[in-house]
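Here is how names work: the chains are called A, B, and so on, in the same order as the sequence lines, proteins then strands, and each is numbered from 1. Here the structure is a predicted model, which means the values were calculated and not measured. For the numbers below, each heavy atom of this structure counts, side chains included, while hydrogens, waters and symmetry mates do not.
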Protein chains: 2
Amino acid sequence: MSKQKLSKLEYGVMEALWAKREASIREVQDFFPEKKRPAYTTVQTTLYRLEAKGSVKRLRKVGNFHIFAATVTRSAAQTTLIDDLLSMFGGKTQPVMAHFIQSGS
Amino acid sequence: MSKQKLSKLEYGVMEALWAKREASIREVQDFFPEKKRPAYTTVQTTLYRLEAKGSVKRLRKVGNFHIFAATVTRSAAQTTLIDDLLSMFGGKTQPVMAHFIQSGS
DNA sequence: GGCTATCTACTACATCTGTCATAGTGTCAA
DNA sequence: TTGACACTATGACAGATGTAGTAGATAGCC
C-alpha cells in the first residue's frame with residue numbers, strides 16, 4: 001500500500017534515496033551525518049523493511065551490491081505523516097497553526 | 001520529564017482527562033466513541049503507563065476507585081508531537097504549510 | 001454476614017522499531 | 001587461483017505500544 005507511515009529512521013533512509021534518486025546500502029548509510037550514523041546492518045534492515053512495506057524497491061544488482069530507489073515521493077510520505085498527526089487532533093489544523101504562530105515560524 | 005511524546009492511544013486517554021479535568025478509569029473509557037472504545041483494562045494499562053511517564057497523576061481514591069488527572073496541558077502535549085514531526089523535516093515548517101495549503105485547510 | 005458487581009493489580013503477548021552481530025557469498029586484485 | 005574485503009542474508013534482542021485476561025480486594029445491598 002502507498003499509505004505506509006514511515007518511522008523516524010525509515011524517513012531518514014528515504015531522505016537519502018530522495019536526494020540521490022538511487023543508492024546502495026553503503027551510500028544510504030554515508031548519507032547520515034556522521035554523528036548519528038547507524039551501523040551498516042541497521043540501514044540494511046531498514047531498507048529491507050521498507051522494501052517489504054513497498055516504499056522502496058531494488059532496482060538492480062551492480063557487481064556485488066543492490067541499488068535501491070524510493071517508490072513513494074517525499075511529499076506523499078510527508079502527507080501521510082502530517083495526516084496521521086492531524087488525525088490525533090481530530091483533523092483540526094488549528095493546533096498546528098497555533099504552534100507555528102506562537103513559536104514564530 | 002515533561003517532554004514525553006504521547007502515542008495515539010495515550011493521547012486519546014489524555015483527551016478525556018483534559019475534557020473532564022479529572023476522571024476514573026471507567027469515565028475515561030466511556031469517553032471514547034463507542035466504535036473505538038478499548039477494553040477497560042486497556043485504558044487502565046494506558047493510564048498506568050502515563051502515570052509512570054509522569055503525564056498523569058492519581059488525585060485520590062474515591063470509594064473503591066482512583067481519580068486521575070493530567071499533569072501536562074493539551075497544548076504542551078501537542079507541541080511535543082508537532083516538534084517531533086518537524087524534527088523529521090529538519091525543523092522546517094514548510095512541508096506542513098504546503099500540505100495545509102494544498103489540501104485547502 | 002455474605003453475595004455480587006466493580007475495581008485494582010498483575011501478567012501476558014504480538015507487533016513494530018531501532019539496533020546490531022554473525023555467517024556465508026561474491027569479486028577483484030595480485 | 002586464491003586471499004582479502006565488501007556485501008548479502010538471516011537471526012536476535014530490547015523497549016514501546018496496543019490489547020486484554022485473570023485473580024484478588026472491596027464496597028454496598030439484602
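Annotation: B:K5, atom NZ; neighbour count of heavy atoms from other residues, nucleotides and ligands within 6.0 Å does not exceed 12.
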Quiz item: Going through the distances and angles, do B:Q44 and B:Q29 end up as a side chain to side chain contact (heavy atoms under 4.5 Å, CB included)?
Solution: CA-CA 9 Å; B:Q44 185 192 31; B:Q29 185 195 17; over 6 Å; no
Exercise. Go through the steps to decide whether B:F89 and B:V96 satisfy the test side chain to side chain contact (heavy atoms under 4.5 Å, CB included), and finish with yes or no.
Key: CA-CA 9 Å; B:F89 300 164; B:V96 183; 4.0 Å; yes
Practice problem: Any chance you could lay out the side chain to side chain contact (heavy atoms under 4.5 Å, CB included) test for B:E22 and B:L17, step after step, and finish with the verdict? | Solution: CA-CA 5 Å; B:E22 51 181 66; B:L17 298 180; 5.9 Å; no
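The distance between atom CD1 of A:I25 and atom C1' of D:dC5, rounded to the nearest whole Å, is 16 Å. The distance from atom NE2 of B:H66 to atom P of C:dT6 is 18 Å, rounded to the nearest whole Å. In this structure, the CZ atom of A:R58 is 12 Å from the C1' atom of D:dC7, given to the nearest Å. Atom CZ in A:F32 sits roughly 11 Å away from atom P in C:dC20 (whole-Å rounding). Computed from coordinates, the B:L9 CG to D:dG18 C1' distance equals 7 Å when rounded to whole Å. Separating the OH atom of B:Y11 from the P atom of D:dT17 is a distance of 16 Å, rounded to the nearest angstrom. A:L47 has its CG atom 14 Å from the P atom of C:dT19, to the nearest Å. In this structure, A:K36 atom NZ and C:dT19 atom C1' are separated by 17 Å, rounded to whole Å.
The side chain of A:Y40 lies closest to D:dC7, out of C:dT22, D:dC7, C:dT19. Candidate nucleotides D:dT19, C:dG18, D:dC7 were compared by shortest atom distance to the side chain of A:S7, and C:dG18 ranks first. Which of D:dA9, D:dA20, C:dA12 sits closest to the side chain of B:R49 comes down to C:dA12. Here C:dT8 is the nucleotide among D:dT8, C:dC20, C:dT8 with the atom lying nearest to any side-chain atom of B:F65. Candidate nucleotides C:dA9, D:dG18, C:dT8 were compared by shortest atom distance to the side chain of B:K8, and D:dG18 ranks first. Counting only heavy atoms from C-beta on, B:Y48 has its side chain closest to C:dT8 among C:dT19, C:dT8, D:dT8.
When each of A:F68 and B:N64 is assigned the nucleotide of DNA chain D bearing its nearest heavy atom, the one mapping closer to the 5' terminus is A:F68. Toward the 5′ end of DNA chain D lies the nearest nucleotide of A:T45, the other residue of the pair A:T45 and B:E10 mapping further downstream.
The base of C:dG18 does not come close enough to the side chain of A:T42 for any donor and acceptor atom to sit less than 3.5 Å apart. For A:Q44 against D:dA9, a side-chain-to-base donor-acceptor contact under 3.5 Å is present.
The aromatic ring centroids of B:W18 and B:F31 lie 6.0 Å or more from each other.
A close approach under 4.0 Å does occur between a side-chain nitrogen or oxygen of B:K53 and OP1 or OP2 of D:dT17.
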